[in-house]
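Report on the following structure.
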Amino acid sequence: MTRINLTVDGARVSDDVEPRTLLVHYLREQLGKTGTVIGCDTSNCGACTVHLDGTSVKSCNMLAVQADGHEVTTIEGLATDGELHPVQEAFRECHGLQCGYCTPGMIMQSVDLLKENPHPSEEEIRLGLEGNLCRCTGYHNIVKAVQHAAEHGGAGQSGGKHAAEVPAS
Amino acid sequence: MIPTQFDYLAPTTVEEALAALAEHGDDAKIMAGGQSLLPVLRMRLNAPELVIDLGRIEALRGVRDDGDAVVIGAMTPHAAVGKDPLLAEHAALIPKAVEHLADAQIRHRGTFGGALAHADPAGDLGAPALALGAQFVIAGRGGTRTVAADDFFVDLFETAIGEDEILTEVRIPKHTGWGAHYEKFVRVAHQWPIVAVAAAVRVEGGTIAEARVGLTNMGNTPLRARAVEEALVGQPASEDAVRAAAARAADGTSPPSDLNGDADYRRHLATVVTRRAVLAAAGA
Ligand SMILES: Cc1cc2nc3c(=O)[nH]c(=O)nc-3n(C[C@H](O)[C@H](O)[C@H](O)COP(=O)(O)OP(=O)(O)OC[C@H]3O[C@@H](n4cnc5c(N)ncnc54)[C@H](O)[C@@H]3O)c2cc1C
Ligand code: FES
Ligand code: FES
């Protein structure tokens, strides 16, 4: 077991983990943050995307011990004070989901994309989301949702609570 | 799946990492970004007793100017390499190849050195490194040595890095003012290339003065298309001249046959992709 200290969705957490524990399993099983899902065994689908220090990563392809000392934001930490993040709002508004399984990862990657490129073209959106697979929508409304978010306050917003704003749990 | 049990060490210096490697030998495995290693461990194709994570060694990260070369620290993530202004100016082929490597999330974690050390024949960084004549700096307990790109890639997933050694940085000779392009032929999004071509050319008054061409996935290691390079020199940067030179792209290669295409298909594809890459590099 290895001791890790990190911040998850604004709260400081400290736990003993086996070094082989994947970050996604730590989030879901040890912290109960089941908003982040697992969609594949090969790190292709992107459903497990979270932010590490504000940058998107696939949490199935990272060890929990590698997050020691860092800040993780999951889909559960994106809304602030009960108000959806503009990208979440845009996915709802534009019907950017059907079954919803890919959605947590799609939203986390879209937030990262808009932070890097606040007003992406359609092609840039499709390229920026190429590591996220959706089996339902055909991507059309997902692209529309990202465009909608860019025009409605989603551009350049990382969102979520940060360590300083939340008391340790 | 989850990996088998292992111990974990995250040293903060190269010396500590080398000492751990020396102590544990075969039972230890180096981890850079983990983007190729973790899938392997999860499928249990490898089961090391100790994983040595280089992620906390700050000295291995970053890109710097060193006279006639740009030096890339082994642990520099793909995303940082792709955005680096020094590389864009002096070795544009490298950021061009990184642009379409894997996907955004993997480019945030995967590293320049990790991808080269992994030496996947379909990996996107070997051919550009070879084409630009990169030098690989490898540290061992007895000190460091430098290996030329021609000697670095040994076989499928095999490089000149010894079991008790660590790749610390890669020196890319400056190719300031050269045009560059990486043309990748893929079947689906964010995937490995079926064939890809790295091209850098120096054009003087409409004539190709120098050319470097590297091939991805045309053999067990990245390859230089020397016949194409020689045929290009002195030619106009025109469609016809480049097409004629590119026809020799597959000379002397033995590409693999797999579900994406057989060897003959790849040989033909290499000529087409080489023509596209060289024309784009020459700005024609
Ligand atoms: C879904 C997916 C798609 C991908 N698509 C592409 C693609 O299109 N093109 C492409 O090129 N790559 C692709 N990759 C691989 C990606 O480029 C990886 O980042 C890279 O291959 C490995 O880099 P890493 O830093 O993660 O290394 P790791 O996975 O940590 O290590 C890889 C290997 O190299 C060894 N190693 C690493 N660093 C050193 C060092 N400094 N010294 C000695 N040995 C070392 C390790 O022991 C290990 O055996 C993809 C990966 C995934 C998961
Ligand atoms: S579960 Fe992580 S990429 Fe599919
Ligand atoms: S909405 Fe079902 S997988 Fe995307």
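A/Asp68 contributes atom CG, which lies 7.5 Å from atom OH of B/Tyr8 (distance to the nearest 0.5 angstrom). In this structure, SG in A/Cys60 is found 9.0 Å from CG in B/Leu38, a value given to the nearest 0.5 Å. Once rounded to the nearest 0.5 Å, the distance linking CG of A/Asp53 with NE2 of B/His108 reads 12.0 Å. In this structure, the separation between CG on B/Asp103 and CG on A/Leu127 is 11.0 Å, given to the nearest 0.5 Å. Interatomic distance, CD1 of B/Ile2 versus CZ of A/Arg20, reported as 4.0 Å (0.5 Å rounding). Atom-to-atom distance recorded for B/Arg109:CZ and A/Gln66:CD is 4.5 Å, nearest 0.5 angstrom.
Within the 4.5 angstrom heavy-atom criterion, no atom of A/Met108 approaches chain B. With a threshold of 4.5 angstrom between heavy atoms, A/Glu18 approaches chain B through side-chain atoms but not through N, CA, C or O. Interface residue B/Ile106: only side-chain heavy atoms are found under 4.5 Å from chain A. Both the backbone and the side chain of A/Leu63 come within less than 4.5 Å of a heavy atom in chain B. Heavy atoms closer than 4.5 Å to chain A are found nowhere in B/Met43, neither backbone nor side chain. For B/Ala102, the part sitting under 4.5 Å from any heavy atom of chain A is the backbone (N, CA, C, O) and nothing else.
For the options A/Val65, A/Leu22, A/Thr21, heavy-atom pairs under 4.5 Å to chain B are most numerous at A/Val65. Options A/Thr2, A/Asn44, A/Asp41 differ in how many heavy-atom pairs under 4.5 Å they form with chain B, and the most are formed by A/Asn44.
Enclosure of atom CZ in A/Arg135 is not indicated, since only 12 or fewer non-hydrogen atoms of other residues, nucleotides or ligands lie within 6.0 angstrom. For A/Gln30, the CD atom sits in a packed shell: over 12 heavy atoms of surrounding residues, nucleotides or ligands are nearer than 6.0 Å. Other residues, nucleotides and ligands contribute only 12 or fewer heavy atoms inside 6.0 Å of the CD atom of A/Glu123.
Residues A/Thr42 and B/Arg42 bring no donor and acceptor atom of their side chains to less than 3.5 Å of each other. B/Gln105 and A/Ser56 share no donor-acceptor pair across their side chains, judged by distance under 3.5 Å alone.
At distances below 3.5 Å, at least one donor-acceptor pair connects side-chain atoms of B/Gln35 with backbone N or O atoms of A/Asn61.
Of all the heavy atoms in B/Ala104 and A/Gly128, the pair that sits closest is CB-O, 4.3 Å.
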